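Note that the structure is predicted; figures quoted are calculated from it, not measured. Count residues from 1 along the sequence.
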Amino acid sequence: MPLVLGSLCLLARHGKLVLIAGLVVGIVAPDLALVLKDWLPQLVALLLFVSALRIGPVEAAGTLADFGSAARTIGILQIGIPCLLALVFVSTGFSGPLATAMVLMTAASTISGSPNLTLLAGRNPAPALRLLIGGTAVLPLTALPVFWLYPPIDPSGAVAEASLNLLLIIAVATGAAFAIRHFWLRHPGDRGLQAIDGLSALAMAVVVVGLMSAVGPAIFDNPQRLVGVLAVAFGANFGLQITTFAVLKNHPNADDRVARSIVAGNRNMALFLAALPASVTDPILLFIGCYQVPMYLTPVLLAPLYRRAAHDKPV
């Protein structure tokens, strides 16, 4: 047990490098990526469990007082932005896989790893967990107007079914984690929390390998297309994060400001792989894989920006 705890604490101290290693393995080991892809639902549940275990029920419940603000944030991110994009694309005639990918990305709720990314950015992950649970709970409702406005996406009951399944996974994973914290791990201590952080980094690294199955082959088959799609993915992800961070400059809570920024840019597009027909999702698989790169580099490349949050004084 001491060896396991020591290893997990070591992973926690080098969490950002662990995430980068996951990206590299996903690219250079496409066969392993295909194997892990079949286990993504279970891996996502494990990731969420670890995140909730780190936060605990007391801290998570303490954020519920900010429900109204969270609801407004979810409305802007999951309805306002994707509806605006859909209207712009339809009116200008811009279509194709990238247009569909952008609409789906902005319509999705945040990834289950957003609390972990917030933690790796040095901030309290509880606000990100609240936005994750709330955004997933209302996804069947928020996605429908977006799909109505954007004809290339086929709106069907499968979207609601898939999001409800994800909500069930979240409820079971967080419920189990909160029960463990309440009955057996009320005071994990600094070393215990660090070990959980290491387990979280390891889980995220394994998950990303399964999401990178389309990137490795593209490096050799069509490198120019890969570079273009990767640039769009970086622009979309980091653009949303940086814009949200700037808009919230006067926010009085630095942890909440960083969490909302990370949630804005990192969305759970994988949900739609099970909810929409292959004719819609197959052409955007490369974008989904490329999208993981800025997602997992967020704690590395945007760390200087998010460190400023504590120094920006609200007016």
Side-chain angles (χ1 to χ4, degrees), residues 16 19-20 22-24 26-27 73 76-111 113-114 117-118 120-121 128 131 135 146 149-150 152-153 208 211-212 214-216 218-219 222-249 257-273 280-281 283-306 308-309:
K16 297 177 182 178
L19 296 189
I20 295 174
L23 287 173
V24 173
I27 293 173
T73 298
I76 293 171
L77 294 180
Q78 294 180 209
I79 300 178
I81 294 176
C83 282
L84 178 62
L85 273 182
L87 288 172
V88 170
F89 291 163
V90 170
S91 62
T92 60
F94 179 66
S95 61
L98 280 182
T100 300
M102 294 289 289
V103 172
L104 285 177
M105 184 269 287
T106 53
S109 54
T110 189
I111 60 169
S114 58
L117 292 178
T118 306
L120 286 171
L131 291 169
V146 181
L149 289 173
Y150 192 70
I153 301 175
V208 77
L211 291 171
M212 298 287 287
V215 175
I219 294 177
N222 197 339
Q224 290 183 333
R225 180 168 179 255
L226 174 65
V227 171
V229 173
L230 187 61
V232 173
F234 263 97
N237 188 314
F238 282 7
L240 282 170
Q241 290 194 64
I242 294 170
T243 300
T244 302
F245 189 77
V247 169
L248 296 177
K249 181 176 182 179
R257 181 186 180 193
V258 172
R260 290 169 191 263
S261 301
I262 289 175
V263 163
N266 296 288
R267 309 293 190 92
N268 187 16
M269 291 184 68
L271 168 66
F272 296 121
L273 293 179
V280 175
T281 59
I284 66 171
L285 287 177
L286 180 58
F287 179 89
I288 293 176
C290 290
Y291 185 64
Q292 310 309 307
V293 180
M295 185 185 298
Y296 277 65
L297 291 181
T298 287
V300 178
L301 298 182
L302 295 186
L305 176 70
Y306 290 146
R308 289 178 41 197

Decide yes or no for [X] and [Y]: does some side-chain heavy atom of the first lie under 4.5 Å from some side-chain heavy atom of the second?
X    : Y    : answer
L23  : L297 : yes
L19  : V208 : no
F245 : V258 : yes

Can you list the residues that meet the side-chain contact (heavy atoms from CB on, under 4.5 Å) rule with [X], with sequence neighbours excluded?
X    : result
A259 : T118, P127, A128
L131 : A70, T73, I74, R260, V263
V90  : Y150, P151
A303 : K16, R307

For [X] against [Y], the heavy-atom pair lying closest together:
X    : Y    : value
A233 : P294 : O-CG, 3.8 Å
P299 : A121 : CB-N, 4.5 Å
M105 : A236 : CE-CB, 3.4 Å

Any ring-ring contact (aromatic ring centres under 6.0 Å, His included) involving residues 225-244? Give me the pairs, sequence neighbours left out, ordered by first then second residue.
-> F234-F238

Using the test side chain to side chain donor-acceptor pair (under 3.5 Å), find all partners of N266 that sit at least two apart in sequence or belong to another chain.
-> N237

Across all chains, not counting sequence neighbours, the side chain to side chain donor-acceptor pair (under 3.5 Å) partners of T298 are Q241

Please round to the nearest 0.5 Å and tell me the distance separating atom [atom1] of [X] and atom [atom2] of [Y].
X    : Y    : atom1 : atom2 : answer
S261 : L302 : OG    : CG    : 9.0 Å
M295 : R267 : CE    : CZ    : 10.5 Å
F89  : L98  : CZ    : CG    : 9.0 Å
I288 : L104 : CD1   : CG    : 8.0 Å
I111 : Q292 : CD1   : CD    : 7.5 Å
R257 : T244 : CZ    : OG1   : 10.5 Å

Check step by step if side chain to side chain contact (heavy atoms under 4.5 Å, CB included) holds for T106 and L240.
-> CA-CA 9 Å; T106 53; L240 282 170; 4.3 Å; yes

Could you list the donor-acceptor pairs under 3.5 angstrom formed by side chains in residues 76-88, with sequence neighbours left out?
unit_1, atom_1, unit_2, atom_2, d
Q78, NE2, G135, O, 3.2
Q78, NE2, T142, OG1, 3.1

State which residues pass ring pair (Phe, Tyr, Trp, His ring centres under 6.0 Å) with Y291; sequence neighbours excluded, sorted by chain then number.
-> F287

